[in-house]
*Asks:* 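Structure in structure tokens, see below.
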2 protein chains.
Amino acid sequence: MARRSYGQICGLSRALEIVGERWALLIIRDLMIGPKRFTDLRQGLPRIPTNVLSARLKELEHHGVLQRRILPRPATAVVYELTPYGRELDDILLALGRWGSQSLGPPDADDIYTADSLMMAMRASYQGGCSSAAPEPVTYELRVTGVVIGLTVQDGQLGVTDGPQSEPDLVIETGHGFAALLTGRISAAEALENGSVHVTGDPELLSEFANTFRIGP
Amino acid sequence: MARRSYGQICGLSRALEIVGERWALLIIRDLMIGPKRFTDLRQGLPRIPTNVLSARLKELEHHGVLQRRILPRPATAVVYELTPYGRELDDILLALGRWGSQSLGPPDADDIYTADSLMMAMRASYQGGCSSAAPEPVTYELRVTGVVIGLTVQDGQLGVTDGPQSEPDLVIETGHGFAALLTGRISAAEALENGSVHVTGDPELLSEFANTFRIGP
DNA sequence: CTGGATCCCTCACGATACTG
DNA sequence: CAGTATCGTGAGGGATCCAG
């Protein structure tokens with residue numbers, strides 16, 4: 001529990017002593033979506049050993065980044081949730097995610113998408129108010145390699161939910177080629193043409209989607 | 001050299017594979033000030049083992065975060081400098097530094113200030129255009145536990161230099177109590193009164209300094 | 001079934017010494 | 001000055017086991 005110190009009086013080194021250990025920021029990323037149980041976290045971080053997850057949760061709780069809370073009602077369930085201090089990392093995580101996306105190469109065979117990382121990526125790539133003047137809400141259901149999330153764009157605000165979207169304007173189904181669309185390496189039309197993306201709904205909406213969510217130029 | 005992967009297709013996990021290893025972001029922080037030689041980096045990172053520094057430099061170069069450059073002229077010197085991609089981390093480092101500063105406790109006996117961390121902290125705490133309407137430049141020389149840097153505020157722009165300032169408007173000399181002033185735990189007047197800060201020049205300027213550089217509320 | 005604790009192995013890190 | 005070599009230690013990885 002005693003932290004290995006960097007031996008400097010510096011906000012950055014302090015930050016790294018708190019969240020710089022392996023897996024820590026990914027745990028925080030998943031909790032940024034909402035409170036989660038131990039097992040949920042385990043599933044979202046497929047390769048994490050349980051002892052490391054356990055240790056990280058204790059350390060992060062000790063530093064005031066997250067809280068352990070015992071749900072009273074339905075069953076004795078333990079959830080972990082970020083404190084306000086932990087939630088302050090949101091913008092930093094989004095920015096780091098954008099930075100790292102630029103280096104994303106072709107994925108390994110056993111690399112996977114998770115719902116949390118996908119939701120994070122969509123929040124990171126959301127182009128605020130740059131979207132075309134469509135005041136009415138637009139909803140998408142996004143399926144990437146079987147992982148399903150819902151997206152709602154309304155009044156320039158982005159809503160992200162886990163699981164299927166109810167009555168989406170457009171269903172987007174894709175695989176590992178999704179990154180190419182998000183980074184603009186291929187256009188919406190090209191993606192439809194080469195079959196790396198399938199849609200259900202108005203195909204024109206995919207262009208709007210590609211403009212709304214973009215990482216890079 | 002083969003990176004331990006997090007097994008996820010996610011910009012954040014990619015970023016952490018690149019700069020998430022111990023010491024990496026501190027190396028980048030020091031290079032953010034300017035190109036440096038191996039020995040300079042060693043001095044700014046007092047506890048880093050040389051083999052780890054060597055390994056990090058190789059990895060970061062391999063990922064396009066920094067470049068190794070051989071100075072041709074005066075002597076055969078090797079310097080490391082950030083690439084544009086590496087420099088994109090600047091805002092993230094500043095934000096992380098601000099976040100971590102909120103958790104800075106009383107320092108250990110052997111914790112030190114370094115010029116680079118201090119310059120970083122001043123950049124992170126600089127309150128952009130919030131400063132009072134003083135269009136003329138103000139220059140400070142800041143000495144914290146013997147570490148000396150220069151600060152120049154002009155047209156709402158902050159300049160930070162290593163070493164003494166020439167003809168500063170105010171010389172601020174202080175020790176480990178400097179963090180209390182920066183975070184606003186004590187006021188400029190209190191700091192002068194209890195002797196934790198000494199100034200040479202107009203003491204009133206210390207209030208302006210405390211307003212110009214501030215972390216937290 | 002959740003929420004971990006425990007064991008063992010490996011490798012990265014940490015400290016120090018040494019070299020072109 | 002700019003690293004490389006060596007070696008001990010402890011954190012991370014993986015599997016299994018256990019209590020509520």
Side-chain angles (χ1 to χ4, degrees), chain A residues 1-8 13 16-27 30-31 35-62 66-81 108 110-111, chain B residues 1-8 13 16-27 30-31 35-62 66-81 108 110-111:
Chain A
M1 181 70 88
R3 317 227 35 82
R4 286 178 300 167
S5 163
Y6 286 101
Q8 302 191 357
S13 44
L16 294 175
E17 286 162 8
I18 298 175
V19 299
E21 309 260 328
R22 198 162 159 75
W23 294 106
L25 281 180
L26 293 180
I27 294 170
D30 283 11
L31 290 181
K36 284 198 165 51
R37 294 183 301 183
F38 190 92
T39 309
D40 299 332
L41 287 167
R42 236 181 119 173
Q43 268 207 311
L45 278 11
R47 307 236 258 241
I48 195 173
T50 59
N51 56 352
V52 173
L53 176 55
S54 192
R56 289 293 165 278
L57 289 172
K58 282 196 182 70
E59 293 161 10
L60 292 172
E61 182 184 16
H62 176 250
L66 57 80
Q67 284 177 336
R68 184 191 154 103
R69 188 156 57 94
I70 300 180
L71 291 185
R73 204 17 69 81
T76 52
V78 180
V79 295
Y80 298 88
E81 62 184 351
D108 281 0
D110 51 354
D111 284 355
Chain B
M1 182 70 87
R3 317 228 35 80
R4 287 178 300 167
S5 163
Y6 287 101
Q8 303 192 357
S13 45
L16 293 175
E17 286 162 7
I18 298 174
V19 299
E21 309 261 328
R22 199 164 159 73
W23 294 106
L25 282 180
L26 293 180
I27 293 170
D30 283 12
L31 290 181
K36 284 197 165 51
R37 295 185 301 181
F38 192 90
T39 309
D40 299 333
L41 287 167
R42 243 186 109 172
Q43 267 206 312
L45 277 12
R47 307 236 260 241
I48 195 174
T50 57
N51 55 352
V52 173
L53 176 55
S54 191
R56 290 295 166 276
L57 289 171
K58 282 197 182 72
E59 294 159 10
L60 292 173
E61 181 183 17
H62 176 251
L66 58 79
Q67 283 178 338
R68 184 190 155 103
R69 189 157 57 94
I70 299 179
L71 291 185
R73 207 14 68 85
T76 52
V78 181
V79 295
Y80 298 89
E81 62 185 350
D108 281 1
D110 50 354
D111 284 355

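Labels below follow one simple rule: chain letters A, B, ... track the order of the sequence lines, proteins then strands, and each chain is numbered from 1.
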*Asks:* Within this structure, what is the CD-to-C1' distance between A/E21 and C/dA12, rounded to whole angstrom?
*Replies:* 13 Å
*Asks:* D/dA11 phosphate, OP1 or OP2: any side-chain N/O from A/W23 under 4.0 angstrom?
*Replies:*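 So the side chain of A/W23 is outside the cut-off, no N or O lying under 4.0 Å from OP1 or OP2 of D/dA11.
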*Asks:* To the nearest Å, how far apart are A/L26 CG and D/dG13 P?
*Replies:* 11 Å
*Asks:* Checking all strands, does B/T50 fall into the base, sugar-phosphate, or nothing category for heavy-atom contacts under 4.0 angstrom?
*Replies:* base
*Asks:* Phosphate oxygens OP1/OP2 of D/dG3: is one of them under 4.0 Å from a side-chain N or O of B/R68?
*Replies:*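 Checking B/R68 against D/dG3: at least one side-chain N or O falls below 4.0 Å of OP1 or OP2.
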*Asks:* Between C1' on C/dG14 and CG on B/L53, what's the gap in Å once rounded to a whole number?
*Replies:* 13 Å
*Asks:* Under 4.0 Å between a side-chain N/O of B/Y80 and OP1 or OP2 of D/dG3, yes or no?
*Replies:* yes
*Asks:* How many Å lie between CD1 on B/I48 and C1' on D/dA2, as a whole number?
*Replies:*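 Atom-to-atom, B/I48 to D/dA2, this comes out as 14 Å.
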*Asks:* Provide, to the nearest angstrom, the distance between the CG atom belonging to A/N51 and the C1' atom belonging to D/dG14.
*Replies:* 9 Å
*Asks:* Would you tell me if any nitrogen or oxygen in the side chain of B/T39 comes within less than 4.0 Å of OP1 or OP2 on D/dA2?
*Replies:* yes
*Asks:* Whole angstrom is fine here: how far is it from CZ in A/R22 over to C1' in D/dA11?
*Replies:* 11 Å
*Asks:* Among C/dA15, D/dG12, C/dA5, find the nucleotide with the atom closest to the side chain of A/S54.
*Replies:* C/dA5
*Asks:* If I take atom CD from residue A/E59 and atom CG from residue A/L66, how far apart are they, to the nearest 0.5 angstrom?
*Replies:*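 So the gap between those two atoms works out to 10.5 Å.
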*Asks:* Answer yes or no: are there more than 12 heavy-atom neighbours, outside B/R42 itself, under 6.0 Å from its atom CZ?
*Replies:* no
*Asks:* Rounding to a whole Å, what distance do you find between A/D40:CG and C/dC1:P?
*Replies:*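 Roughly 15 Å, once rounded to whole Å.
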*Asks:* Is B/R68 positioned over the aromatic face of B/F38, cation under 6.0 angstrom from the ring centre and no more than 45 degrees off axis?
*Replies:* no
*Asks:* Evaluate salt bridge (charged side-chain N to carboxylate O under 4.0 Å, His left out) for B/E61 paired with B/K58, printing each intermediate quantity in order.
*Replies:* CA-CA 5 Å; B/E61 181 183 17; B/K58 282 197 182 72; over 6 Å; no
*Asks:* Could you grab the distance from atom CZ of B/R22 to atom CD1 of B/I48, nearest 0.5 Å is fine?
*Replies:*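 Atom-to-atom, B/R22:CZ and B/I48:CD1 are 9.0 Å apart.
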*Asks:* Starting from the 5' end of DNA chain D, give me the residue, B/V78 or A/R47, whose nearest nucleotide shows up first.
*Replies:*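 Whichever sits nearer the 5' end wins; that is B/V78.
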*Asks:* What is the distance, to the nearest angstrom, from the CZ atom on A/R42 to the P atom on C/dG4?
*Replies:* 11 Å
*Asks:* Does A/K58 make a side-chain N or O approach to OP1 or OP2 of C/dA5 shorter than 4.0 Å?
*Replies:* yes
